[in-house]
Every structure is written in C-alpha cells, then in structure tokens.
Amino acid sequence: MKELLRLLAEDAPGSELARAAGEDAVARDLALRIRAGIDASKKREAELSALVDVARELASARDPGGVLDTIVHRARTLIGTDVAYLTLYDGARGDTYMRATDGSVSAAFQQLRVPLGAGLGGLVAETHKPYWTADYPSDRRFRHTSPIDDAVGEEGLVAICGTPLIVDGAFVGVLFASNRTRRPFSREEVSLLGSLAALAAVTIVQVRATAETAAALDQLSEAHAGVEHAAAAHDRFADIVLSGGDVDAIAAALAELLDVWVVLVDAVGNELAVAGEPSGDVPWQESESGRLTRIGDCWVVAATAKGERLGALVIGGVDDLSGADQRIVERAAVVTALVLLFRRQAAEQSQRAQADLLADVLSGNADARALTDRLRLLSPSRRHDRLVVAVCRGDHSAVRARMPAPLEDRLVLSGPYAGDLVLLLASPDAVAAARGLADVAKRTGVTIAVTGPASWGAALVEAHRQAARLATTMVRLGRSGEAQTPDDLGVAGLVGAGEVDVRAHVEHVLGSVLQYDAQRGTDLVGTLQAYFAAGQSPTRAATALHIHPNTVQQRLDRISALLGDGWQQPDRALDLQVALRLHAALG
C-alpha cells in the first residue's frame, strides 16, 4: 500500500500502479480509479486554461474575419479533429451559410448554405441545441438532402459535432468539429465545444457592434467632411471606442468639442457622467427619440440601441447649436448607446460567470485550485483568503443596487444560489459586515444572514450552510428587513449554528457590561444575575444583594445605557440570562 501511495504521489502511469498492486485486486482497482480521477482533473484544468487563452485572444481581435478564423482554428485544435467550421445565421433568407473553415479542402463545402432543419447543422440551428454523431452519412436521425450530403461527401466528413452560438437568447450561428473517419464524441468534448461557442458568440456580437460603431463614425466623418470640429469629433469618438473608453470620456470629449456642459443619465434618470458645470434641473425624460430636442435652456437626445432607450444626453451652457453641432451631439448619443450596450453585455456576462463560479464554490465538489484561478481572473485586485458570507432571502432584486460603496468595494463574488442571493465579502468581521448591510435589508425588506469569516474551501462551504440555516431561523422569527449574525439572535442563533464560540457569544451579548465592570471595578454583571434571579424585581434583588433598592435602580439604569432599550423584554431577557449562565460556567 505504501508503494502504491508513493507511485500516486510521483504521478506514475497506470501500468506501474497495476504492477505494484500485484495480486491485490481491490488495491489495484482503487489506485487506478484515483489515477483516472487525477488525469481527468488535469485534463479539465488544461481545458479551462485553454479557454482562458482563447478568451484573451478573442478579446484582442478587431477584424471580424480574423475572429472567425481564430474560433474555428481553436475548435479544431482543442477537440482534436480533422476539420472545424462555422456557419452564421442569415435572418433574411432563414438559413445558415458557411463563413469560416479550418482544414477544409472542398470548394463546394466552403460555399454551402444549410436551411433550418436540414442535416445536422440545420437541426442545431432550428432547435438551438447541440447534436453529434459518429457516422453522419448513415445516421437517420437527420433530414438528409442532396446538396448537404454531396458537399459533406466531397469533403469526406464522417463524424460531426455541432453546437449553437447564442447571445442573450439570440441565435448567431453554429460551430462544428468534424472528422473524416468514424469517431465518437464524448460529452466532455461536446461541453468543451459549447464553452468555446459561448465565448465565440459574445465576441462575434461585440466585433459586429464595433464595426457598426466604426461605420457610424465613418458616416459622421463623411457628413461633415471639411468641417474642422466634425473631424475632431470623429477622431475623439473613434479613439474613445477603440481604446475601450467609458461614457465619462464621451461626455468630456463632447463638452470640450462644443464648449458646453454635458450630463449623461441612464434610463431611469441616474447620473452616469458629468462634464462641465450643469445649471438647473436636467430634463432627461423629455426625449424619446434619437433626434436632438430643445427643452428650455437645454438640448436633450435619447441614447437608444435595439429599440431600447438606455439613457439620454443633456447639453447646456450654449444659446444655440448649429446644424453640424446638433448632428455631432446625435452621433455622440449613438456612440454612447453602443458603449452602454457593451457595458451591459459585459456586466451580464460577468454575472453569469460569477453565478457559475459561486455554484462551484458553494457545492464543495470542484477542484479548489481551479476555482481559485477562476476567481482571480474575475477579481484580480481583491484578497480571497478570508471571506464573510451573506445570504439574502426574499425579493433580493434591489440588494446590489442598494449596497453602500465600502461594501461594494469588498465584494468578491455574488450571485443566485438555491433561491437566495449570496454575497462573498473580503472582510475579517461578520458583525461589521452585518452592520453595513443593515440599511440594505431595511430598505429592501430582505432577510440577510451573515456568517464568517471563513477561509477558502470546506470552511467557506460550512459558513454558507450556517448562513442559510440562520436565514431560515430569522424568517421563522419574523426578522425580515434585518441583517444579523448568529450572535445577534441570541439563543435562537445558537440553536441554528453548526459550531458555537461560547466566549465570543458571551462577549457579543454582555461585552459592554463586562468592559464597564473591568474598567471601573463595579459588579453590574452580579446585579443582572440577582435581578433575574429575583424575577426581575428590583426590591427583591436589593434584599438579596443587601443594598438599597435605589442603588439597584441606579445600576439598572446604567445597564440600560450600556445594553440599550428593550433588554428587559422577554426575548432579550432570555438571551441575557443564557449569556450570564455561560459566563458563569466559563469562570
């Protein structure tokens, strides 16, 4: 057995493990299963690393044709097939057409168009689901047509796997990996091709949008050829978009070009960017179209994309705008809408990535090293060693929007999980995090349970389970609209906790009284014990302590100042009595 463990630690192949096990069939089977698990983990890690490399490569590509060539080349090398190719959807004709290939030799195949529902690719395009086969020519699941079968036969393709390219529910095309001999596709390979297709779909849409932006800027340049400030506008807006600039850069450029102040608001009036010094109210809601409108002393134009109003540009500080200047503002609104659309798509993609990563983190089944690498890609500037878990139960749709900036800066990961919104915060103190979230809970009516801090791995999984139990307890106790730690619930919090730090709990409940006694040499804790032992009667407590009732009352007033109002109510009184018993037991 020691020899087997040594070989496993040294990454020995399965043949050596089998020889070392000898006649022990159970040990040999167990060792080979462990070896297979290690190999599968390494293979998955290599695939994830390759996908990260692909994402970086696609992100740096600007030319649409180059992006598509990169996608099919990567698909061919990652899956290890003879040919890879990509078809794009033609909405006007209702079919898909061949757009990029890698490894193809047939001219007829490279010019193929595939109607929806026809062949394997047409079925993927029609259902938006992946399909694969080890022997396409003889597979009767698909509707064979002469043009498709002839082109596939000329290319010599036998095994084919196709997966859809979809962004925000919109079908973009189909990505294929194919072999010229029979070859089964594993589910892991289909999943890998699907992950590559997801990256490719987002990149294709973004590159198309960038091309549309460039076209819009070209139109701006042509419309105002010979006008100096129009050319300057073209250059500035082009530089901003192509360098990845945000909306504040667009507002600043527009303000400088036209010597005006500019305010950009989102669809509900929240301020996104300001340049110059606005005066008076901003009539952002008055314009619904992409044409500039004069409203009072201001000019307003809506920033719209795909028929949706994403915001509005408001211009002021000028008595009049020439026709050329008005068109510059309208073009600025188009560019602004595109940048806002990019921002939203990036945010949605990030949210999906965070949700997937959060599910893997909290399930406790994924490889910790791979999870850490993925987390660092999402939030490279934040620490991940000690995390506080916040479980938000109820209608949590407005929680993120209500989070204060200090907590937002500490947010490492967030997303839906098991019906709750889960926040992972880089914080050494759950109590401080709960205080920061208290106003969020109050304003949204959400129940927020906070636990931790916990280190990465099994401890973090347990902290989430404890937070989920705490949230259930809070809901049962009617504590909606509050943010609490287990200690905040007193006895109920102890019941719901997986483990209890008794000293920390006593300090949380009685800390202010204990500190007062330690600093001043008083015995308010003893007074509390006598008070509760006397059935909360100051007179009987005074008799037990051999002091005047007025002295007891003065001490109780001091205790009220330390613990806050309501400590004598049944729930708080029970928590205090339990804490006093625990304090006495600790000595």
Side-chain angles (χ1 to χ4, degrees), residues 354-355 357-366 368 371-372 375 383-394 396 399-400 403 407 410-438 440-441 444-511 571-572 574-575 578-579 582 586:
Q354 287 206 33
L357 178 55
L358 184 69
D360 289 342
V361 168
L362 299 182
S363 68
N365 297 324
L371 291 177
T372 303
L375 183 57
R383 295 179 60 85
H384 312 124
D385 49 352
R386 299 284 287 172
L387 300 175
V388 164
V389 181
V391 169
C392 308
R393 186 160 297 173
H396 48 68
V399 168
R400 287 294 306 276
M403 281 184 62
L407 277 182
R410 290 181 173 273
L411 187 62
V412 174
L413 204 59
S414 69
Y417 186 77
D420 301 321
L421 173 66
V422 179
L423 311 174
L424 299 185
L425 301 161
S427 174
D429 187 355
V431 174
R435 289 172 182 164
L437 289 167
V440 178
T444 61
V446 172
T447 300
I448 303 181
V450 185
T451 60
S455 56
W456 183 261
L460 188 61
V461 174
E462 179 55 34
H464 168 257
R465 291 172 180 163
Q466 183 182 1
R469 291 194 297 266
L470 177 60
T472 300
T473 302
M474 291 175 66
V475 171
R476 289 172 177 170
L477 295 177
R479 306 294 284 269
S480 298
E482 299 181 19
Q484 303 283 358
T485 67
D487 288 330
D488 292 324
L489 291 189
V491 177
L494 296 179
V495 172
E499 294 183 3
V500 178
D501 186 336
V502 176
R503 290 187 183 277
H505 177 75
V506 171
E507 179 65 26
H508 186 82
V509 178
L510 291 173
D571 287 347
R572 289 282 306 279
L574 175 60
D575 294 340
V578 171
L582 293 175
L586 290 172

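Along the sequence shown, the residues carry numbers beginning at 1.
By the side-chain contact (heavy atoms from CB on, under 4.5 Å) test, Ala418 is found to be paired with no residue, residues two or more places apart in sequence or in another chain being considered. Every residue two or more places apart in sequence or in another chain that forms a side-chain contact (heavy atoms from CB on, under 4.5 Å) with Arg465 is listed here: Val461, Glu462, Arg469. Scanning for side-chain contact (heavy atoms from CB on, under 4.5 Å) contacts around Val431 gives Asp429, Arg435, Thr485, His508, with sequence neighbours left out. By the side chain to side chain donor-acceptor pair (under 3.5 Å) test, Thr447 pairs with Ser480, sequence neighbours left out.
Of all heavy-atom pairs between Ala430 and Thr451, the closest is CB-C, 4.1 Å. For the residue pair Val388 and Gly452, the shortest heavy atom distance occurs at CG2-C, 4.5 Å. Between Pro416 and Leu421, the closest heavy-atom pair is N-CD1, 4.3 Å. What you find for Pro453 and Ser427 is that their closest heavy atoms are CB-O, 3.5 Å. Ala454 and Ala459 make their closest contact through CB-O, 3.6 Å (heavy atoms, listed as atom of the first residue, atom of the second, distance).
Note that the CG atom of Leu387 and the CG atom of Leu460 stand 5.5 Å from one another [nearest 0.5 Å]. One distance of note links CE of Met474 with CD of Glu482; it measures 6.0 Å at 0.5 Å rounding. Rounding to the nearest 0.5 Å gives a distance of 8.0 Å between CE of Met403 and OG of Ser414.
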Check against side chain to side chain contact (heavy atoms under 4.5 Å, CB included), Val391 and His464 = CA-CA 8 Å; Val391 169; His464 168 257; 3.8 Å; yes

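At least one side-chain heavy atom of Val389 sits under 4.5 Å from a side-chain heavy atom of Leu424. Between Leu423 and Leu407 the shortest side-chain heavy-atom distance does not fall below 4.5 Å.
Note on residues 415-425: pairs passing salt bridge (charged side-chain N to carboxylate O under 4.0 Å, His left out), not counting sequence neighbours, are Arg393-Asp420. For the ring pair (Phe, Tyr, Trp, His ring centres under 6.0 Å) condition, no pair includes a residue of residues 465-488, sequence neighbours left out.
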